[in-house]
Amino acid sequence: MIERYDPSIIEPKWQAHWEQTRCFEAEASHEKPKFYGLIEFPYPSGMGLHVGHPRSNTALDIICRKRRMEGFNVLYPIGWDAFGLPTENFAIKNKIHPAVVTKNNVAHFTAQLKRLGFSFDWSREVNTTDPSYYKWSQWIFLKLFERGLAYKAEIPINFCMGCKVGLANEEVVDGVCERCGGAVVRKIKSQWMLKITEYAQRLIDDLDMVDYIEKVKIQQRNWIGRSDGAEVLFEIEGYPDGLKVFTTRPDTLFGATYMVVSPEHPIVNALEGRIKNISAVREYQAAAARKSDFERSELVKDKTGVPLEGITAINPATGEPIPVWISDYVLMGYGTGAIMAVPGHDARDWEFAKAFGLPIVEVVAGGNIEEAAFSDINDGQMVNSGFLNGMQVKEAISFITQWLVEKGLGEHKVNYKLRDWVFSRQRYWGEPIPLVYCEHCGWVPLPYDQLPLVLPELEEYLPAEDGSSPLTRATEWINTSCPKCGAPAKRETDTMPQWAGSSWYFLRYTDPNNDNELASKEALEYWTPVDWYNGGMEHTTLHLLYSRFWHKFLYDIGVVPTPEPYQKRTSHGMILGENNEKMSKSRGNVINPDDIVNELGADSFRLYEMFMGAFDQPIPWSTMGARGCRRFLDRVWRLQEMIKGEGETTDMRGKLHGCIKKVSEDYERMKYNTAIAAMMALVNDFYSKGSITKEELHTLLLILSPVAPHMAEEINERLGYAPIHTLAWPKWDEAALVEDEVELAIQLNGKVRARMMVSSSATKEEIEAAAVKHEEIAPLIEGKTVRKIIAVRNVVNIVAN
RNA sequence: GCGGACGUGGCGGAACGGCAUACGCAACGGAUUUAAAAUCCGUCGGGGAAACCUUAUGGGUUCAAAUCCCAUCGUCCGCACCA
């Protein structure tokens with residue numbers, strides 16, 4: 001009799017063993033082929049580990065443990081994305097230094113992660129708030145600044161009233177702050193910006209060279225939002241600049257019956273004196289400014305606007321005068337901030353024209369423009385369009401673009417939805433921006449030998465009421481001298497957003513203690529790119545896009561050897577609460593990993609997270625299901641009682657090898673649930689037999705070990721084998737998979753009517769003959785003509801009538 | 001509105017175009033136990049008298065459809081006045 005399975009003894013034992021033998025540290029030698037597996041480093045929040053973290057971590061832990069057994073030198077690192085608002089808010093509320101809060105949270109997370117037995121290389125731990133780390137975040141920023149990719153601009157920003165901080169577009173969700181849910185308003189602020197738009201095309205194009213799951217690629221492409229069209233110049237009487245518009249439908253130029261400019265468009269100021277209804281226009285502008293972006297788009301149904309009375313534009317195709325309106329359905333931030341309105345063929349223009357009684361002209365036949373705008377570009381012929389008449393839409397687009405170019409009225413133009421990245425935050429707990437403002441020299445970068453520029457100590461971390469950074473109070477720190485001319489100068493008080501440190505952390509892991517470079521050339525050459533990166537879909541248009549941008553920049557300046565940071569990107573589905581809703585404190589459906597580990601053990605927890613459903617799908621938590629996984633491990637444990645004597649055998653070789661194959665292949669495809677199901681089925685088979693050989697159990701432990709490493713090591717040690725992590729991944733024998741006899745289903749006209757056993761060496765002809773003669777089949781086809789017999793895999797279909 | 005994913009037992013879910021419901025949960029029966037828990041063994045989608053029917057619904061392609069195509073309904077996710 002063996003004692004009962006007790007993870008609370010086994011798990012700490014093996015965790016200590018792994019830590020002492022340092023067996024999961026990446027090898028210094030670069031002889032072996034490398035494998036770099038990466039999970040998104042956690043933000044050490046006060047809430048502690050979420051059940052979502054282990055889902056991603058276990059998935060790649062399985063891959064990394066398997067890779068080591070396959071002979072790879074594996075890097076599976078861990079670190080902390082520790083700058084950020086929740087920590088700072090907690091610090092403010094409790095009057096503790098954010099660095100102390102961070103330290104406590106990191107300690108808590110570390111303990112939680114270690115209890116789960118991930119094979120992280122803890123010797124390479126990084127922390128974005130460590131000055132020796134953010135020295136290099138600052139270094140990269142200065143490089144961007146040098147190359148003109150960081151610039152300061154007066155821009156309307158999304159300002160969160162709760163956090164008192166500017167947000168990137170990506171951080172505004174449903175019109176409110178992603179973090180605190182507070183109202184977001186528009187404020188004009190001078191902000192540091194990064195020119196991610198300069199990389200827009202390459203960020204699209206190079207998706208072709210990486211292996212990302214398709215929905216990630218699609219979301220990134222949509223976010224960057226490339227559109228092809230033309231920029232067209234409309235003349236305005238008495239305004240020599242004219243009014244430029246961007247359109248993807250230059251073919252509809254003859255149908256442009258009016259123009260619309262956004263409320264912020266400079267033409268209003270330029271022509272102020274000639275706009276007869278200027279007070280109404282000013283009033284409209286003021287009303288638009290008071291609305292947030294969210295409110296503006298909330299009112300989609302009701303188009304509003306005011307004509308610029310006295311202003312007339314000329315349609316360059318027809319030569320006709322057309323009115324110019326101002327309306328907030330046109331955005332200053334996209335294209336030129338002005339549009340040509342073609343109500344016949346654009347839904348928004350159609351609504352606007354209907355609302356204000358503007359003329360609607362059909363220029364593409366095929367729809368009913370009285371009912372709705374007709375905007376199909378694949379099916380329609382040009383009408384009422386002079387020299388374009390009779391052409392198909394696509395033909396007309398290229399023809400008129402050429403015509404515009406020849407007349408000097410326009411040009412082919414590509415536009416992107418992607419905006420430059422707002423890189424300033426008016427907060428304390430972030431990397432200081434290493435620039436100094438000098439009255440004489442402007443913005444001057446800190447010399448590299450003065451990095452890191454360390455955060456000053458403050459009494460209060462709260463931003464000022466006007467939203468300026470708490471660093472404005474660090475008088476001594478701010479006042480410095482210009483590195484260029486020596487005159488008194490002031491430091492930048494904005495800090496970097498949380499995304500800075502996470503944009504390059506995977507590079508630092510390759511050489512985490514290097515004080516001379518962000519990482520050595522040699523380390524980067526060997527380890528990058530990351531071979532496999534798993535993370536959340538929510539980072540697709542944030543972290544993942546930002547880090548691709550930074551990486552491309554570092555590639556351009558010769559710092560990294562590859563144009564893309566991550567060779568492969570996968571994503572896990574979210575774990576929902578037992579009630580099928582998103583886990584949250586307020587819903588009271590949060591599952592704490594510690595509780596599950598306490599009750600069932602880390603191995604059962606890991607097993608359940610991998611077994612609960614398809615890895616890429618969202619899935620509700622079930623504590624009963626988790627207990628079922630514990631039952632399975634109990635059954636594996638008791639296999640020790642069924643071990644046969646020396647020299648005895650079972651007839652399980654075929655099933656065992658089938659399982660090795662299934663599990664090996666399913667791990668690679670992240671089909672963890674079916675891999676585990678296959679092992680459960682195998683164990684059920686051994687229970688049916690009531691016996692197992694020592695070697696068979698050993699092999700089962702090898703393939704189970706990536707999921708349940710503690711138990712696998714423990715039983716394996718008791719069997720007298722060397723530690724699993726030092727052993728090779730088992731190979732399956734294809735020959736063993738072939739069984740002597742297989743069961744075939746016999747179908748008649750596609751319906752299963754009978755089954756029969758046949759020798760697996762039987763020929764097609766033999767199978768067909770046997771099927772027709774089968775005792776249950778023969779009477780059914782008697783008197784009928786057999787038209788065809790299809791024998792495929794394990795089905796024979798007889799077509800007869 | 002646009003883009004994406006998806007719809008299979010009481011539940012989570014399996015199923016290279018080839019025997020639908022693997023594996024697990026829940027439920028039920030039995031063994032063991034003074035009893036319970038644990039464990040072991042077993043049963044287990046629905047409808048129909050039956051032939052059969054049944055993978056959201058209706059069509060189609062095919063020898064063969066949960067799987068491919070078209071339409072409809074529904075759910076989830078992302079983007080959203082992007083010209």
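Throughout, a chain's letter reflects where its sequence line sits, starting with A, and its residues are numbered from 1.
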A quick test of your reading: do over 12 heavy atoms of other residues, nucleotides or ligands sit less than 6.0 Å from [atom1] of [X]?
X	atom1	result
A/M574	CE	no
A/E668	CD	yes
A/E782	CD	no
A/K354	NZ	yes
A/K244	NZ	no

Once you apply a heavy-atom cut-off of 4.0 Å, does [X] come out as touching a base, just sugar-phosphate, or nothing?
X	result
A/T247	sugar-phosphate
A/V792	base
A/G628	sugar-phosphate
A/E743	base
A/Q747	base
A/S227	sugar-phosphate

Does one side chain, of [X] or [Y], offer a donor that lies under 3.5 Å from an acceptor on the other?
X	Y	result
A/K394	A/N378	yes
A/Q220	A/T541	no
A/Y212	A/T570	no
A/S262	A/Y334	no
A/N534	A/H572	yes

For atom [atom1], what is the distance between [N] and [M], given to the nearest Å?
N	M	atom1	answer
B/rA56	B/rU75	P	16 Å
B/rU62	B/rU57	P	23 Å
B/rG74	B/rU8	C1'	15 Å
B/rG18	B/rC77	C1'	34 Å
B/rC28	B/rG46	P	15 Å
B/rC6	B/rA83	P	27 Å
B/rG17	B/rA49	P	38 Å
B/rG42	B/rU55	P	31 Å

Secondary-structure stems, RNA chain B, at least 3 Watson-Crick or G-U base pairs under 3.5 Å: B:1-7 with B:73-79, B:10-12 with B:23-25, B:27-31 with B:39-43, B:45-47 with B:52-54, B:56-60 with B:68-72
Not counting sequence neighbours, list each pair that qualifies as a side-chain hydrogen bond (donor to acceptor under 3.5 Å, both in side chains) and has a residue in residues 672-684 of chain A. A/R635-A/N684, A/D666-A/T674
[X] has an atom [atom1]; how far is it from atom [atom2] of [N], in whole Å?
X	N	atom1	atom2	result
A/L542	B/rC79	CG	C1'	13 Å
A/I575	B/rC76	CD1	P	20 Å
A/D349	B/rA83	CG	P	12 Å
A/N797	B/rC63	CG	P	10 Å
A/M679	B/rA14	CE	P	16 Å
A/D666	B/rA15	CG	C1'	12 Å
A/Y334	B/rC79	OH	C1'	14 Å
A/L682	B/rG24	CG	P	12 Å

On the side chain of A/K417, is there an atom forming a donor-acceptor pair with the base of B/rC79 - under 3.5 Å, no angle test? no
Result for 5'-nearest mapping on RNA chain B, choosing between A/F615 and A/D346, is A/F615
Position toward the 5' end of RNA chain B (nearest nucleotide), A/V796 or A/T674: A/T674
Which protein N or O atoms sit under 3.5 Å from an N or O of nucleotides 38-40 of chain B?
unit_1: B/rU39; atom_1: O3'; unit_2: A/R638; atom_2: NH2; d: 2.8
unit_1: B/rC40; atom_1: OP1; unit_2: A/R635; atom_2: NH1; d: 2.8
unit_1: B/rC40; atom_1: OP1; unit_2: A/R638; atom_2: NH2; d: 2.9

B/rC25, B/rA83, B/rC23: which one has an atom nearest the side-chain heavy atoms of A/M680? B/rC23
Of the candidate nucleotides B/rA20, B/rC25, B/rC79, which contains the atom at the shortest distance from the side chain of A/W223? B/rC79
When every non-hydrogen atom of A/W499 is compared with those of A/L542, the smallest separation belongs to CH2-CD1, 3.8 Å
When every non-hydrogen atom of A/T58 is compared with those of A/R606, the smallest separation belongs to CG2-CB, 3.9 Å
Applying ring-ring contact (aromatic ring centres under 6.0 Å, His included), run through A/F352 and A/Y258 and close with a yes or a no. CA-CA 10 Å; A/F352 191 82; A/Y258 64 100; 5.6 Å; yes
May I ask you to evaluate whether A/N684 reaches the phosphate of B/rA22, defined as a side-chain N or O under 4.0 Å from OP1 or OP2? no
Dump every N/O contact between nucleotides 44-52 of chain B and the protein below 3.5 Å, one line per pair.
unit_1: B/rC52; atom_1: OP1; unit_2: A/R753; atom_2: NH1; d: 2.5

Enumerate donor-acceptor pairs with a distance under 3.5 Å from any side-chain N or O in residues 742-751 of chain A to protein atoms, sequence neighbours excluded.
unit_1: A/N749; atom_1: OD1; unit_2: A/A800; atom_2: N; d: 3.0
unit_1: A/N749; atom_1: ND2; unit_2: A/A800; atom_2: O; d: 3.0

Parallel, tilted or perpendicular: which fits the ring planes of A/W325 and A/F356, with parallel below 30° and perpendicular above 60°? tilted
Could you check B/rG9 for me: syn (within 90° of 0) or anti? syn
Take nucleotides 3-13 of chain B nucleotide by nucleotide from the 5' end and write B, S or -, depending on whether a protein heavy atom sits under 4.0 Å from the base, only from the sugar-phosphate, or from neither. S--------BS
N-O pairing of A/R638 and A/E3 below 4.0 Å: no
